[in-house]
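Accompanying notes for the structure given below.
Below, read A as the first sequence line, B as the second, and so on, with proteins coming before strands; counting in each chain starts at 1.
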Amino acid sequence: MAMEQDEILRTPAVWHPGDAREAWRLKEAFGPAGVYVAGGTLLRTQWEAGVAEPPAHLIDLTAIAGAGEVEMDGEEAALGALVPLSVCRSHPAILARYPLLAEAARVIAAPSVRNLATIGGNVVSRVGDALPALLALSAQLVWQAGPEPHACSLADWLERERRAPTPASGVLVQIRLPVPPDDTTSNAARFFAYHKVGRREAFMPSLVTVALTGRIGADGAVEEIRVAAGGGQTVPYRLDASEAALRGQTPDGKTLAAFQACVEEEYEPKPDLFATEAYRKRAAANLAAAAVWQAARDAAAGRKG
Amino acid sequence: MLLNRTTSGSRWRTRPDGPGKVTGGLSYLTDLSLPGMLHGLVLRSPHPHAAIVSIDASKAMALPGVLAVLTYADVPGLNRFGIARPDQPVFCEDRVRYIGDAVAAVAAETPEIAVLALRAIEVAYEPLPVVDDPERALLPDSPLVHPEGNVLHRNDYRTADVAPGFAAAAHIVEETYVTPRQMHTYMETEGGLFVPEADGRLAVYSATQHGFMDRMQLARILGRPEADIRVVSSPIGGSFGGKDELNVQPYGALLALATGKPVKVHHSRWESVRAGLKRHPMKIRMKTGVDANGRLLAHEVEIVADKGPYATLGAEVLNFAVEHVIGPYRYDAVDVKSVNVYTNNGMSGEFRGFGGNQAIFALEGQMDRLADKLGMDPWAFRRLNLRKTDDAGPLGQPIAVTAGASQVWEALAESELWRSGTGRGSAGSGPGIGATGGKSAGHDGSGEEGIGLAAARVEAKTASDRGQATAGTPAPPWIRRGVGASFVMHGAGLGVGIPDPAGGRLRLAADGKIDAVFGYEEFGQGLIASLEQMLIEQFGFAAEDVRIVIGDTDVVPDSGSSTASRSTSMMWQSLRRLRGPFAGKLIAAASAALAMPADRLRVGAGGIRDADGGELLLPYAALAAATAKAPVIAETRFEFPRSPVDRVGAHFLYTYSAVAVAVEVNLLTGRVRVADQYHTVAAGPVVNPQGFLGQIEGGSGMALGFSLTEDAVMSGGHYLTENLDTYLIPTVAELGGTFEVEPIETLPEGDEYGPRGIGEVGSVGLAPAIASAVYRAVGKRVNRLPIDPALLQETDGWY
């Protein structure tokens, strides 16, 4: 009894490593008793709901040098994992180059939560609503999961996690995004769309998230298309077959219907109490097809204009 | 005339309790603390239904820092509570009947130790079969929640045999309507501070809607005289009916008396969800027949309500639903059967609207469907069957006469919003709408295209796939707009057969303030502001002359409960009764003090003034000093006016309202967005413009949640929505759009009842109006709330 009383009355020890390697070493040392924390917004909901107990050791990542920076050069952008969602939503360079990500960040949680919650936390949750956008942007992840950092593609990591979730040991340090080609001088029209469907209009868990980015050529055909979907407890992924079905096609009624059917088939959401699998599939397929329809219409109007 | 800040002019006042609330400066009762106070927690059943085999609190009691662990054996008086029928155990003895049932309570030095103590209490249960479906609970082989059976209350009402009416009917609509388990979701969860006083009395600082009812119930539990208990109950961070019944008070009181120390109890949101009341989920089957001209011939209704385990006001809510499923219409024959059924689900009870929300959703759904079958305009169809000004009430009872029904009908018919949905055709015309002669065309005039999906290319004011494009941007083709309407007749007061006292007191206090002393509560509805405004406007006092005294059983008279849309009406009537006597006494005293004839004096701002010139002759402080030996005081007591019938619950005073709403349905997701609203309300004079608007807007916000997002989902007697991350109330993103309120203030010559209640009516009409608007947008009928988006989702036809 006394032991239990001690445990309940104890608050976790909080560690403040100054770099990612030290953070990883602490985690190695503590094992399951150590938990990384940045904004802490997701952890708090888990503790309050009783699905996780506060750990003995919290490894605070906010002191890691440079982890909160946004850096851009001609080839790629590097978002520190500690960049708050509120910054993803409003940073001028992100808005200019990656409006898809800014749009995803705009509809996650609520302003007070976005000020604390980080893009890295959203990624490592494996079901964060920014993930479909990052997938559509072909993001790379930089991890500190050993003495030296290493990079892998977000899509590959999520695919592994989708098949067999593994407990985190490494620290996510950075998210790298390739710079989109500059085609302002061509007649092609670049488009993007991000949709989050929940049970109300704001500050709600998602049921379905869909992100698209692509390009409509001067001839009206879809030259490039990337589609990713997630939502709820579904680990998001790229819809490769759906992309292939649309690539090179002119989005008329027939090809759009085929694309829509393909998304509905390929997207396999996890149902829960609040929405069936069928509803989620239809929503994702509808939103993806509608986004392409809208893009084609806008592109046509642009060519006329 | 629309009610808003501009049209209200100088009557638009800053509410006295407003600054403290918006700045966070105001202390609520759950903010109170005292040095050395203990923290109380309640151990609740982990099982929806189980026998208690044993309770062993010895380990908990032995923990350092634990000062009391109480069970049923420690209740000195009646181990039960319940406003209407005390059947809910303070602590369960041998059986638990829902997951909120209390088994024990602890008081400890810190909240953490209290948590530990709860875990150390050993309770052995034997789970029993769970009764989680009210319809199945009525079957003969159902397990029993209570030994006497699973029926709390039946209420049937029949005027004549409905069979001939159905036989003669040209059209019959039969439909079953299902409504959700809505949570009050007050921002301040239940809680309070319980303080044993030096003189042996107990002070209870905890929210309620009727301090004297809490005092009586606590006296019964504690086995003490009521006079030994003081209940301080305002200000309150929201209630909506949910804090009218006892919640934390029995535990706080028992723990404080057991330990002799102040005890604070304050529910987490989790515990509030688990233990607290919800709106009764109801299943309402209706069968209604009309003749070929649209006259209502027969109306048959069956209501099954899910009570949860204990009575509280379940019988009264059911009675209210019975009255309101009949509502504002005339029928040749009515036959209503209803039952409120005990289950092992969560507790249902009192909630703003009180059974009217469920009833009117069903009734108005019938009216829309019948109009459709007849090929009539749904609003014209309602008019055809509306009760006339001198008609009896829904239960055949005499009611206070007003023209409210026809007034709100006409106001809505002329409203811009409603006309925008009919004359020019809303997006997506339902079958039959074309037959009224109204053209069902898109804004672009592309002509009639039949049902639903084909019809819509609308200029929605705020629609886009993001929901916030600028005006004039064409909405994408998957957004369909529709305008719907509903009609509400809502009774106020507790009704026939239930004690319904009212009254209040005015006095000139020793410090020269005019004390307005009432036993009502401020839970955000604006009661203090309304009372102040009435004192200013009816007596001529200045705001700084008056002091509102409420929410303390040691000082206020029993004015009855702050429920049932009754407080403002009763304060108005009280002041009307007190005006002559109190002003007369003030003037008589001033006349003596000033040695001036009474007819040269009048009551005014700051003090007694010259009746003609208006100059201040005697400030109230001076008058108070002059009357120190015989203070000026006037008091009134009366009963809420009631109908002279022998039908329990029948109402006498009614408020009428009509609601129009524009919705946008997104066919991609099936989600419904409420765009614009219009509410017209006939409730007599507007006492306080800001308060009136606030009640209608706030009520409508709750109705929006009831319609689109809110449902406390249960499975096997357990809540699946345990916190506000899954139980979703509307946010500011849902509550946008235009919102017009048009009060109708006229009352018949000689009406002596004054302003009618508006506290609930705003929460009633929106749901059926939304259902109607959805139909006009996409041609699909909604019979279940909250609306399931899957119903409205379309995989094609939208581009």
Side-chain angles (χ1 to χ4, degrees), chain A residues 1-2 4-11 45 48-50 103 106-107 109-110 113 193-205 207-208 210 251-253 256-257 260-261 263-264 272-294 296-297, chain B residues 59-60 62-65 110 112-113 115-117 119-120 268-270 464-468 476-479 666-671 673-674 704-705 708-711 713 715 720-736 786 788-791 793-796 798-799:
Chain A
M1 209 64 234
E4 194 190 345
Q5 181 165 6
D6 288 349
E7 257 169 49
I8 285 177
L9 302 181
R10 190 188 58 205
T11 52
T45 64
E48 198 184 325
E103 175 61 13
R106 188 181 71 83
V107 295
V113 180
Y194 178 90
H195 293 286
K196 171 174 172 176
V197 182
R199 291 185 294 125
R200 71 180 169 201
E201 299 306 317
F203 198 13
M204 76 296 186
L207 298 172
V208 174
V210 190
D252 54 20
L256 274 178
Q260 189 183 339
V263 171
E264 194 170 331
D272 66 12
L273 177 65
F274 303 110
T276 62
E277 185 184 10
Y279 171 78
R280 292 165 198 256
K281 277 175 163 287
R282 283 197 295 265
N286 283 355
L287 289 164
V292 176
W293 177 86
Q294 186 75 53
R297 216 167 97 117
Chain B
K59 286 180 186 158
L63 287 173
T110 68
E112 293 80 10
I113 296 174
V115 168
L116 200 62
R119 292 192 194 177
S268 66
R269 183 64 67 182
W270 301 81
S464 77
D465 50 348
R466 277 196 193 182
Q468 48 180 306
W478 47 83
I479 299 293
N666 185 328
L667 301 180
L668 306 179
T669 61
R671 296 196 50 76
R673 196 180 82 83
V674 169
L704 192 150
L708 300 183
T709 65
E710 294 186 46
D711 191 9
V713 182
S715 172
L720 301 178
T721 47
E722 298 181 287
N723 199 356
L724 299 185
D725 53 359
T726 47
Y727 185 90
L728 301 182
I729 59 168
T731 69
V732 70
E734 275 76 22
L735 301 174
D788 179 4
L791 175 75
Q793 200 179 27
E794 297 291 342
T795 54
D796 55 25
W798 35 258
Y799 62 80

(message) Can you tell me which of B/I729, B/T731, B/T795 forms the most heavy-atom pairs within a distance under 4.5 Å of chain A?
(response) B/T795

(request) Give, for atom NZ of A/K196 and atom OG1 of B/T669, the distance between the pair rounded to the nearest 0.5 Å. (result) 14.0 Å

(request) Look at A/A193, A/G198, A/A278 and state which one has the largest set of heavy-atom pairs under 4.5 Å with chain B. (result) A/G198

(request) Starting at CD of B/Q793, measure out to CZ of A/R280 and round the result to the nearest 0.5 Å. (result) 11.5 Å

(request) Mind checking the CZ-OG1 spacing from A/F274 to B/T721? Nearest 0.5 Å is all I need. (result) 6.0 Å

(message) Just to verify, what does B/L720 make a side chain to side chain contact (heavy atoms under 4.5 Å, CB included) with, not counting sequence neighbours?
(response) A/L273, B/V713, B/S715

(request) Heavy atoms only, distances under 4.5 angstrom: which of A/G253, A/A257, A/A49, A/P205 has the most pairs with chain B? Name it, please. (result) A/A49

(request) Could you tell me whether the side chain of A/R200 and the main chain of B/L708 form a donor-acceptor pair under 3.5 Å? (result) no

(request) Please round to the nearest 0.5 Å and tell me the distance separating atom CZ of A/R282 and atom CG of B/L667. (result) 12.5 Å

(request) Select all residues of residues 283-290 of chain A having any heavy atom within less than 4.5 Å of some heavy atom of chain B, and report them by number, or 'none'. (result) A/A283, A/N286, A/L287, A/A289, A/A290

(message) Taking B/L791's backbone N and O only, do any of them form a donor-acceptor pair with A/Y279's side chain (distance below 3.5 Å, no angle check)?
(response) no

(message) Checking A/A261 now: which residues fulfil side chain to side chain contact (heavy atoms under 4.5 Å, CB included) with it, not counting sequence neighbours?
(response) none

(request) Measure A/L207 against the heavy atoms of chain B and call it side chain, backbone, both or neither at under 4.5 Å. (result) neither

(request) Determine the minimum heavy-atom distance between B/P476 and A/Q294, stating which atoms define it. (result) CB-OE1, 4.3 Å

(request) Give a yes or no on whether the backbone of A/R199 and the side-chain of B/R671 come within a donor-acceptor separation of less than 3.5 Å. (result) yes

(request) Heavy-atom distances under 4.5 Å only: say whether A/A275 touches chain B with side chain, backbone, both or neither. (result) neither

(message) What part of B/P786 gets within 4.5 angstrom of chain A, counting heavy atoms only: side chain, backbone, both, or neither?
(response) neither

(request) Locate the shortest heavy-atom distance separating A/E48 from B/N723; write the atom from each residue and the value. (result) OE2-ND2, 3.7 Å

(request) Identify, with sequence neighbours excluded, every residue that meets side chain to side chain contact (heavy atoms under 4.5 Å, CB included) alongside B/D788. (result) B/A790

(message) Nearest 0.5 angstrom please: B/D725 CG to A/F203 CZ, how far?
(response) 8.5 Å

(request) Please say whether more than 12 non-hydrogen atoms of neighbouring residues, nucleotides or ligands are located less than 6.0 Å from CZ in A/R297. (result) no

